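Beneath this line is the structure, given in C-alpha coordinates, with notes to follow.
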Amino acid sequence: VNITSDRNAKEGFTPVDSREVLAKVAALPITEWQYKTQSGARHIGPMAQDFRDAFSLGHDEKHITTVDADGIALAAIQGLNGLMKEKDAELDRLKDENQALSERLAAIEKALGLTGNARAGSTANRQ
(Lines give C-alpha, C1' and ligand atoms only; values in the text may rest on other atoms or scores of the structure.)
Protein backbone atom coordinates (compact mmCIF):
# COMPACT_ATOMS: atom_id res chain seq x y z
CA VAL A 1 0.00 0.00 0.00
CA ASN A 2 1.41 3.37 -1.03
CA ILE A 3 -0.19 6.29 0.74
CA THR A 4 0.26 9.66 -0.94
CA SER A 5 2.43 11.79 1.26
CA ASP A 6 3.55 14.41 -1.25
CA ARG A 7 3.61 17.90 0.26
CA ASN A 8 1.91 19.20 -2.89
CA ALA A 9 -1.12 16.99 -2.23
CA LYS A 10 -1.64 18.42 1.26
CA GLU A 11 -2.82 21.66 2.83
CA GLY A 12 -3.67 23.18 6.21
CA PHE A 13 -0.31 22.46 7.84
CA THR A 14 -0.17 22.94 11.61
CA PRO A 15 2.91 22.41 13.81
CA VAL A 16 2.74 19.51 16.24
CA ASP A 17 3.94 19.59 19.85
CA SER A 18 5.81 16.29 19.93
CA ARG A 19 5.96 16.29 23.75
CA GLU A 20 2.20 16.61 23.92
CA VAL A 21 1.84 13.74 21.45
CA LEU A 22 4.27 11.68 23.54
CA ALA A 23 2.21 12.32 26.69
CA LYS A 24 -0.97 11.28 24.90
CA VAL A 25 0.67 8.12 23.55
CA ALA A 26 1.90 7.28 27.05
CA ALA A 27 -1.66 7.62 28.36
CA LEU A 28 -3.25 5.72 25.44
CA PRO A 29 -4.52 2.27 26.46
CA ILE A 30 -2.73 -0.36 24.39
CA THR A 31 -4.07 -3.90 24.55
CA GLU A 32 -3.58 -7.25 22.89
CA TRP A 33 -6.69 -8.48 21.11
CA GLN A 34 -8.13 -10.37 18.17
CA TYR A 35 -10.87 -9.61 15.68
CA LYS A 36 -14.07 -11.52 16.34
CA THR A 37 -13.92 -12.88 12.79
CA GLN A 38 -10.22 -13.88 12.95
CA SER A 39 -9.71 -15.93 16.07
CA GLY A 40 -6.31 -17.23 14.95
CA ALA A 41 -4.55 -13.86 14.67
CA ARG A 42 -3.64 -11.71 17.68
CA HIS A 43 -2.86 -7.99 17.42
CA ILE A 44 -1.58 -5.21 19.69
CA GLY A 45 -2.78 -1.66 19.53
CA PRO A 46 -5.18 0.99 20.71
CA MET A 47 -8.92 1.05 20.16
CA ALA A 48 -10.07 3.50 17.51
CA GLN A 49 -12.34 5.26 20.01
CA ASP A 50 -9.44 5.93 22.40
CA PHE A 51 -7.20 7.05 19.52
CA ARG A 52 -9.88 9.44 18.29
CA ASP A 53 -10.43 10.83 21.81
CA ALA A 54 -6.70 11.42 22.25
CA PHE A 55 -5.80 12.85 18.85
CA SER A 56 -9.01 13.85 17.02
CA LEU A 57 -7.67 12.40 13.77
CA GLY A 58 -9.30 10.48 10.96
CA HIS A 59 -12.82 10.22 9.57
CA ASP A 60 -14.56 8.60 12.54
CA GLU A 61 -14.08 6.87 15.88
CA LYS A 62 -14.18 3.34 14.42
CA HIS A 63 -11.03 3.43 12.28
CA ILE A 64 -7.35 4.36 12.61
CA THR A 65 -5.65 5.09 9.32
CA THR A 66 -2.08 3.93 8.97
CA VAL A 67 -0.96 7.44 8.03
CA ASP A 68 -2.30 8.74 11.37
CA ALA A 69 -0.83 5.88 13.41
CA ASP A 70 2.53 6.34 11.69
CA GLY A 71 2.47 10.11 12.17
CA ILE A 72 1.64 9.77 15.86
CA ALA A 73 4.42 7.21 16.33
CA LEU A 74 6.97 9.46 14.58
CA ALA A 75 5.90 12.54 16.55
CA ALA A 76 6.13 10.59 19.82
CA ILE A 77 9.61 9.38 18.86
CA GLN A 78 10.64 12.99 18.24
CA GLY A 79 9.20 13.96 21.63
CA LEU A 80 11.06 11.14 23.31
CA ASN A 81 14.28 12.10 21.51
CA GLY A 82 13.96 15.68 22.77
CA LEU A 83 13.33 14.44 26.28
CA MET A 84 16.38 12.16 26.12
CA LYS A 85 18.57 15.03 24.92
CA GLU A 86 17.44 17.13 27.88
CA LYS A 87 18.11 14.26 30.29
CA ASP A 88 21.55 13.69 28.74
CA ALA A 89 22.40 17.38 29.16
CA GLU A 90 21.23 17.29 32.79
CA LEU A 91 23.26 14.13 33.42
CA ASP A 92 26.37 15.74 31.90
CA ARG A 93 25.84 18.82 34.08
CA LEU A 94 25.49 16.67 37.20
CA LYS A 95 28.61 14.67 36.31
CA ASP A 96 30.57 17.90 35.89
CA GLU A 97 29.23 19.19 39.20
CA ASN A 98 30.11 15.91 40.91
CA GLN A 99 33.63 16.03 39.47
CA ALA A 100 34.09 19.61 40.70
CA LEU A 101 32.86 18.67 44.17
CA SER A 102 35.16 15.63 44.25
CA GLU A 103 38.11 17.83 43.34
CA ARG A 104 37.17 20.38 46.02
CA LEU A 105 36.89 17.61 48.62
CA ALA A 106 40.26 16.20 47.63
CA ALA A 107 41.83 19.67 47.95
CA ILE A 108 40.25 20.17 51.40
CA GLU A 109 41.44 16.74 52.56
CA LYS A 110 44.92 17.49 51.28
CA ALA A 111 44.94 20.84 53.08
CA LEU A 112 43.87 19.11 56.30
CA GLY A 113 46.51 16.44 55.87
CA LEU A 114 44.01 13.64 55.42
CA THR A 115 44.77 10.71 53.16
CA GLY A 116 42.38 8.32 51.50
CA ASN A 117 43.05 5.70 54.23
CA ALA A 118 42.58 8.16 57.08
CA ARG A 119 39.29 9.32 55.59
CA ALA A 120 38.07 5.75 55.15
CA GLY A 121 38.97 4.95 58.74
CA SER A 122 37.22 8.01 60.11
CA THR A 123 34.11 7.14 58.08
CA ALA A 124 34.14 3.60 59.48
CA ASN A 125 34.50 4.92 63.04
CA ARG A 126 31.46 7.18 62.64
CA GLN A 127 29.23 4.27 61.60
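The first residue in the sequence is number 1, and the count goes up from there. This is a predicted model, so every value here is computed, not measured.
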State which residues pass salt bridge (Lys or Arg N to Asp or Glu O under 4.0 Å) with E11; sequence neighbours excluded, sorted by chain then number. none
Between the main-chain N or O of F55 and the side-chain N or O of K24, is there a donor-acceptor pair closer than 3.5 Å? no
Applying side chain to side chain contact (heavy atoms under 4.5 Å, CB included) to V1 and T66, what does each step give before you reach the verdict? CA-CA 10 Å; V1 175; T66 57; 5.7 Å; no
Can you list the residues that meet the ring-ring contact (aromatic ring centres under 6.0 Å, His included) rule with F13, with sequence neighbours excluded? none
With a 4.5 Å cut-off on side-chain heavy atoms, are L114 and K110 touching? no
Taking CG in D6 as the centre, count heavy atoms belonging to other residues, nucleotides or ligands within less than 6.0 Å. Is the count above 12? yes
Using atom types as modelled and distance alone, determine if a side-chain donor or acceptor of R52 lies under 3.5 Å from a backbone N or O of K62. no
Is it the case that the side chains of K10 and S5 hold a donor-acceptor pair, with the cut-off being a distance below 3.5 Å and no angle test? yes
Do D96 and L94 come within less than 4.5 Å of each other through their side chains, counting heavy atoms only? no
Would a distance-only check, ignoring hydrogens and angles, find a side-chain to backbone donor-acceptor pair under 3.5 Å from D68 to G71? no
Steps toward side chain to side chain contact (heavy atoms under 4.5 Å, CB included) verdict (D70, I3): CA-CA 11 Å; D70 294 347; I3 298 172; 5.8 Å; no
Run the side chain to side chain contact (heavy atoms under 4.5 Å, CB included) check on T14 and V16 step by step: do they pass? CA-CA 6 Å; T14 305; V16 174; over 6 Å; no
Answer yes or no: are there more than 12 heavy-atom neighbours, outside R7 itself, under 6.0 Å from its atom CZ? no
Can you tell me how far the CD atom of Q49 sits from the CG atom of D60, to the nearest 0.5 Å? 9.0 Å
Spatial distance of atom CG (L57) from atom CD1 (I64) [nearest 0.5 Å]: 10.0 Å
Considering all heavy atoms, the nearest D50-P29 contact: OD2-CG, 3.8 Å
Hey, are E90 and R93 close enough for a salt bridge, meaning a charged N less than 4.0 Å from a carboxylate O? yes
Note: P46 and L28 closest approach over all heavy atoms is CB-CD2, 3.6 Å
Between the side chains of Q34 and Q38, is a donor N or O closer than 3.5 angstrom to an acceptor N or O? no
Atom NE2 of residue position H59 - does it have more than 12 heavy atoms of other residues, nucleotides or ligands inside 6.0 Å? no
Nearest heavy-atom contact between L80 and L22 is N-CD2, 3.6 Å
Considering all heavy atoms of both residues, which atom of G79 and which atom of R19 are nearest to each other, and what is their separation? O-NE, 3.2 Å
Please go through W33's hydrophobic cluster and name the other residues, only I, L, V, M, F, W, Y counting, with side-chain heavy atoms under 4.5 Å joining them. Y35, M47
dist K85:NZ -> N81:CG (nearest 0.5 Å) comes out at 5.0 Å
Do you know which two heavy atoms are closest between S18 and A75, and how far apart they sit? CB-O, 3.2 Å
Distance col, row E103:CD vs I108:CD1, nearest 0.5 angstrom, shows 12.0 Å
Flag yes if I30 and V25 sit in one hydrophobic cluster, no otherwise; membership is Ile, Leu, Val, Met, Phe, Trp, Tyr, and two members link when side-chain heavy atoms are under 4.5 Å apart. yes
